[in-house]
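Read through the structure below, which is laid out as structure tokens, and then see the notes.
In what follows, chains are A, B, ... by sequence order, proteins preceding strands, each numbered from 1. Predicted model, so just to flag it, every value in this text is computed and none were measured.
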Amino acid sequence: MTTNQDVAELFLGIADLLDLLGERFKPEAYRRAARSIESLSEDLRAVAARDELRSIPGIGEAIDQKIREYLSTGRVEYYERLRQQVPAGVLDLMRLPGLGPKTARRFWVELQVDGPEPLRAAIDAGRLNGVRGFGEKKIAQLRAMLEESKGAGAAERIPIERAYPVARRLAAALRREAGVHEVALAGSFRRGRETVGDLDILVTSDEPEMVFDTFSALPEVRTVRMRGGTKETVVLANGLQADLRVVEPDSFGAALQYFTGSKDHNVRLRSLARDRGLKVNEYGVFRGDERIASRAEEDVYRTLGLSWIPPELREDRGEIELASKGPFPRIVEGRDLVGELHLHLRPDATAEDVSSLLGAAKARGLLYVGVVVATVSGEEVAQAVAPEVLAAVRRSRASRPRAYAVVEIGPGGTPASVLEMAPEYLVLRPGAPSGGPPIAPSGPAPVALLAHFGGDRTATGAWLGLGRSVGAAVEVGPGEGRLDSSAARAACENGVALAVPTGLGSPEEDATAEVALGFARRAGARPEDVVNTRRPPTGGNRSKAR
DNA sequence: GCCGTTTTCGGCCCGACTGTTTTCAGTCG
């Protein structure tokens with residue numbers, strides 16, 4: 001998948017250069033193409049081979065040709081040409097926070113300042129004094145930016161599972177505040193993207209000042225970067241930026257819709273609204289001065305002639321057209337998951353551990369739990385397992401559960417040899433008679449589950465191929481060795497079932513599970529695409545287990 | 001440069017905030 005990333009970055013580079021050259025609409029066109037390519041579930045080469053590049057949103061004739069030029073020659077002449085027109089340092093100037101293309105261009109053209117270092121020198125020499133648009137404050141701000149950027153570069157996006165705990169803590173702290181009505185995490189976090197660049201938090205309250213005071217004082221908040229009447233931007237202790245937006249309760253739906261994004265989705269929505277003589281902003285949908293929707297997201301979409309669209313799919317990749325045709329197709333939800341297929345038993349697990357596990361499963365309404373008794377390398381650890389658990393494993397073997405297997409592979413393992421390494425695997429059903437862990441020999445349909453497939457995410461294609469050939473489900477979720485959302489989309493498109501973790505194991509796994517569900521939803525997975533939404537065919541008949 | 005159940009040409013989302021200004025430009029999300 002690195003080809004896609006390379007091409008996306010190339011187009012982002014073209015966009016920046018065009019920005020500096022003063023182009024009006026082309027930069028956004030290239031950025032949109034880049035975003036589109038980044039979220040593609042398939043390698044560009046394959047799409048190009050089928051001659052279907054033009055079907056990708058944001059890619060027309062010119063960009064189609066540039067992609068093909070890149071695929072065949074490894075470079076794009078247009079980009080090289082642009083680069084010769086703009087000194088590299090000017091690009092660095094534009095990437096300083098608060099300094100955009102217009103200012104960078106002015107420095108370059110009017111003051112012959114073509115990089116961060118020359119800018120510093122120009123400021124020290126007083127060359128900015130008296131220049132139109134540069135007062136005392138602005139110059140001090142520039143100086144501070146230059147100091148700051150000397151150290152670490154621009155803030156990177158971080159994996160969503162790493163942002164999860166702090167996001168939850170911030171939301172919980174705000175919810176405790178009197179005068180706060182609703183609190184919602186929006187932005188790419190709500191859309192379940194693999195990475196988040198910042199946290200967008202939406203609060204409804206009639207007293208924004210109080211909310212900002214509370215927020216600024218939270219232990220997670222390091223510095224306040226900006227604060228106005230309706231929004232505040234802070235930097236968190238972990239370096240992540242958080243934007244807090246406060247609106248009145250009546251605007252909740254419109255604001256949530258707006259701050260959830262994505263940008264492309266919102267742009268499409270707003271131009272759709274304009275075509276219908278309406279206007280959409282974070283306060284509502286308006287016909288003239290009359291507000292016709294604002295309280296709930298559903299209302300916003302409905303007044304635009306659309307059904308509600310799940311946040312995870314709001315990327316302008318066809319979801320708006322789909323929503324205009326009727327009720328949006330249902331995608332998998334947490335309540336659809338009726339089983340957990342991938343739980344590791346510690347080698348020293350006791351029968352009590354197993355029954356408390358089953359109790360927890362039952363409390364969540366799960367019908368079965370798949371337990372792995374093996375190490376990551378596939379080596380059996382049965383000897384270390386408590387006798388009663390081991391006995392249960394043996395019994396399950398004796399009753400020959402229908403080809404249930406969990407396939408585990410260490411980094412670098414090749415798909416071909418995997419199934420022979422199948423360790424022992426149990427399916428336990430909560431609520432069975434006491435006297436040892438009950439076993440359900442017949443369970444939901446999958447014959448195998450692929451998980452822990454090593455560190456290389458670019459190899460997911462091979463795993464999907466294996467899943468397809470043996471009829472195995474493949475685990476989706478954050479971290480190495482699981483499918484990300486675009487790989488999961490590819491799985492669904494190719495008839496390979498997904499397995500979604502439920503977070504049964506521990507509190508940390510709760511976050512993993514929520515993120516994993518988000519990935520499955522971003523993939524557009526329907527309930528029937530997810531293997532652990534399926535109910536055991538034998539229903540309540542447990543006697544067969546013995 | 002892309003895009004179109006009103007368009008193959010003429011559009012291209014919208015508002016908050018900041019710093020600079022006497023009404024706006026630039027940046028950001």
Which part of the nucleic acid does [X] contact within heavy-atom distance under 4.0 Å: base, sugar-phosphate only, or nothing?
X	value
Pro57(A)	sugar-phosphate
Leu269(A)	nothing
Lys325(A)	nothing
Lys102(A)	sugar-phosphate
Lys263(A)	base
Tyr258(A)	base
Arg245(A)	sugar-phosphate
Glu23(A)	nothing
Ile59(A)	sugar-phosphate

Taking [M] as the reference, what is the distance to [N] when you measure between their [atom1] atoms (whole Å, please)?
N	M	atom1	answer
dC14(B)	dT8(B)	P	23 Å
dT21(B)	dT6(B)	C1'	43 Å
dT27(B)	dT20(B)	P	14 Å
dC3(B)	dC13(B)	P	14 Å

Distance test, side-chain N/O of [X] to OP1/OP2 of [N], below 4.0 Å:
X	N	value
Gln241(A)	dG29(B)	yes
Asn281(A)	dG15(B)	yes
Thr103(A)	dT27(B)	yes

Query raised in the report: Can Lys66(A) be said to sit on top of Phe11(A)'s aromatic six-ring, NZ or CZ under 6.0 Å from centre and within 45° of the ring axis?
Result: no
Nearest to the side chain of [X], heavy atoms from C-beta on, is which of [options]?
X	options	answer
Tyr283(A)	dG29(B), dT27(B), dG15(B)	dG15(B)
Glu282(A)	dG15(B), dC14(B), dG29(B)	dG15(B)
Lys26(A)	dC13(B), dC14(B), dG1(B)	dG1(B)
Asp198(A)	dT6(B), dC13(B), dG29(B)	dG29(B)

Please determine whether the number of non-hydrogen atoms from other residues, nucleotides or ligands lying under 6.0 Å from atom [atom1] of [X] exceeds 12.
X	atom1	result
Gln85(A)	CD	yes
Arg287(A)	CZ	no
Arg50(A)	CZ	yes
Glu61(A)	CD	no
Arg162(A)	CZ	no

**Report entry** Closest-nucleotide ordering on DNA chain B, the 5'-leading residue of Arg270(A) and Ala29(A)
**Finding:** Ala29(A)
Query raised in the report: Starting at the 5' end of DNA chain B and moving along, which residue's nearest nucleotide shows up first, Lys279(A) or Arg106(A)?
Result: Lys279(A)
Query raised in the report: If pairing requires Watson-Crick or G-U wobble contacts with both distances under 3.5 Å, which nucleotide is the partner of dT8(B)?
Result: none
Protein-nucleic acid N or O pairs under 3.5 Å, nucleotides 17-19 of chain B:
residue, atom, partner, partner atom, Å
dC17(B), OP1, Gly229(A), N, 2.9
dC17(B), OP1, Thr230(A), N, 2.8
dC17(B), OP1, Thr230(A), OG1, 3.2
dC17(B), OP1, Lys231(A), N, 3.2
dT18(B), OP1, Arg227(A), O, 3.3

Requested in this report: Please report, rounded to the nearest Å, how far the P atom of dC2(B) is from the CZ atom of Arg24(A).
Outcome: 18 Å
Requested in this report: Could you give me the CA-CA distance, side-chain angles and deciding distance for Leu464(A) and Leu483(A), then say whether side chain to side chain contact (heavy atoms under 4.5 Å, CB included) is met?
Outcome: CA-CA 9 Å; Leu464(A) 291 181; Leu483(A) 299 180; 4.0 Å; yes
Report task. For side chain to side chain donor-acceptor pair (under 3.5 Å), just list the numbers for Ser262(A) and Arg314(A), CA-CA rounded to whole Å, side-chain angles, deciding distance to a tenth of an Å, and then say yes or no. Result -> CA-CA 6 Å; Ser262(A) 67; Arg314(A) 298 181 193 171; over 6 Å; no
Query raised in the report: For the residue pair Phe189(A) and Tyr164(A), does the interplanar ring angle fall in the parallel (under 30°), tilted (30 to 60°) or perpendicular (over 60°) class?
Result: tilted
